[in-house]
Number of protein chains: 2
Amino acid sequence: MPSPNSYRTHPSPLESGLRQDGKRMTPQRKKVLSLFEGIGSGIHLSAEEVHSKLTNSGDKVSLATIYRTLRLLVKMTFLNELDLSEGGNRFELLSHDHPDHHHLICIRCGRTEEFENKDVIKAGEVAAKNLGFKLLESSLNVRAICPLCINK
Amino acid sequence: MPSPNSYRTHPSPLESGLRQDGKRMTPQRKKVLSLFEGIGSGIHLSAEEVHSKLTNSGDKVSLATIYRTLRLLVKMTFLNELDLSEGGNRFELLSHDHPDHHHLICIRCGRTEEFENKDVIKAGEVAAKNLGFKLLESSLNVRAICPLCINK
DNA sequence: AAAAAGTTGCAAGCTGTTCTCAATACGCTA
DNA sequence: TAGCGTATTGAGAACAGCTTGCAACTTTTT
């Protein structure tokens, strides 16, 4: 029976993506990406939150590295960056099956509702195609005033 | 013939909006809003840019006041705040006829193309209506990779 | 005209993010 | 599998954008 080491581990998409670029696989990068993979693709974390979640589970990764890694993972299209928030950008796992985020945001109280609309998805696809862009993700932000805030 | 002072000037929307709220019309507020009215509704300025434009035209308004005024004008829905930028939020005159901004953005090089799509506008309207929100503006951001960046 | 309330400018402070740089870890090659 | 070149890390300083505290000033009210 062959020893476990005789199997060659299949390199993860992260690892092969990095390799291709002369970059290296590090425990820190693995930890950041696994954190996002662990929580799934609907949830957005700030850099600070990533930092404290890792710290709480005993993994020490410096904040500077978190910022560097988040930027890298966005560029590699593992993560998606959401700009729509107060107090720091947020990141989430980029799901290629479900690449859309439509938000209705109250500009007064910040309440946010999510919805999804096929026409919007299609509009993004068409625009990308017309200009020869490769679509990653489209996000619609509707700025509005919610019923509770409208009268004050 | 009556003296000019016998005419009562019709208070501007800004002034009456402020009055309603126990707030006051000040030269600073007027200057900031006129600046935006002067340049029209397609152009977005950062707080810093507003500051230097006013300074260049000889109007001294402190940066702190600019920030306070921009926040106020957004709340009063004279201006619209765009969160989608690097290096500071940007503001533009909120045009109620044309409240839409659709962008196709290359995540590698930052190139941005604008487009407009009726279905997207409608989707925002429908979502707002369903939840009882009052629509201000909807913006679609399509994150993608442009032809020049796709192979590297 | 005095009091009350809103606004401004300045400077200090805060927050999120990036940078600098020495120390360290990765991964290739021998 | 030891050694080497280079990518990466951590820590803290630096930075940019923005907000706040406060004293002076301006308007409005009485």
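The chains referred to below are lettered A, B, ... by the order of the sequence lines, with proteins before strands, and numbering in each begins at 1.
Residues forming a side chain to side chain contact (heavy atoms under 4.5 Å, CB included) with B:Ser52 (at least two apart in sequence, or on another chain): none. In this structure, B:Thr69 has no side-chain hydrogen bond (donor to acceptor under 3.5 Å, both in side chains) partners at least two apart in sequence or on a different chain. B:Asp119 pairs by the side chain to side chain contact (heavy atoms under 4.5 Å, CB included) definition with A:Asp119, B:Asn117, not counting sequence neighbours. Judged as a side chain to side chain contact (heavy atoms under 4.5 Å, CB included), and not counting sequence neighbours, A:Lys60 has no contacts. For B:Ser34, there are no side-chain hydrogen bond (donor to acceptor under 3.5 Å, both in side chains) partners at least two apart in sequence or on another chain. Partners of B:Glu49 under the salt bridge (charged side-chain N to carboxylate O under 4.0 Å, His left out) rule, at least two apart in sequence or in another chain, are B:Arg90.
One finds a side-chain N or O of A:Tyr67 lying less than 4.0 angstrom from the OP1 or OP2 phosphate oxygen of C:dT17.
C:dT7 atom C1' lies 15 Å from atom NZ of B:Lys30, rounded to whole Å. Summarising the geometry, the separation between CG on A:Leu45 and P on C:dG16 is reported as 15 Å, rounded to the nearest angstrom. Here D:dA16 presents its P atom at 16 Å from NE2 of B:His51, a figure rounded to the nearest Å. The separation between B:Arg71 atom CZ and D:dG17 atom P is 17 Å, rounded to whole Å. For B:Glu48 and D:dC15, the CD to C1' distance is 13 Å, given to the nearest whole Å. In this structure, B:Leu73 places its CG atom 14 Å from C1' of C:dT7, rounding to the nearest Å. When rounded to the nearest whole Å, the span between CD of B:Glu49 and P of D:dG17 equals 10 Å.
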B/S/- along nucleotides 2-14 of chain D (protein heavy atoms under 4.0 Å) is ---BBBSBBBB--
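Listed by first then second residue, pairs satisfying salt bridge (charged side-chain N to carboxylate O under 4.0 Å, His left out) with a partner in residues 22-37 of chain A read A:Lys31-A:Asp59, not counting sequence neighbours.
Here the closest heavy-atom approach between residue B:Phe91 and residue B:Leu79 is recorded as CB-CD1, 4.3 Å.
Axis orientation changes by 30° from one end of the helix from C:dA1-D:dT30 to C:dA30-D:dT1 to the other, with each end axis drawn from 5 pairs and the value rounded to 10°.
Side-chain atoms of B:Leu72 and B:Leu18, non-hydrogen and from C-beta on, do get closer than 4.5 Å to each other.
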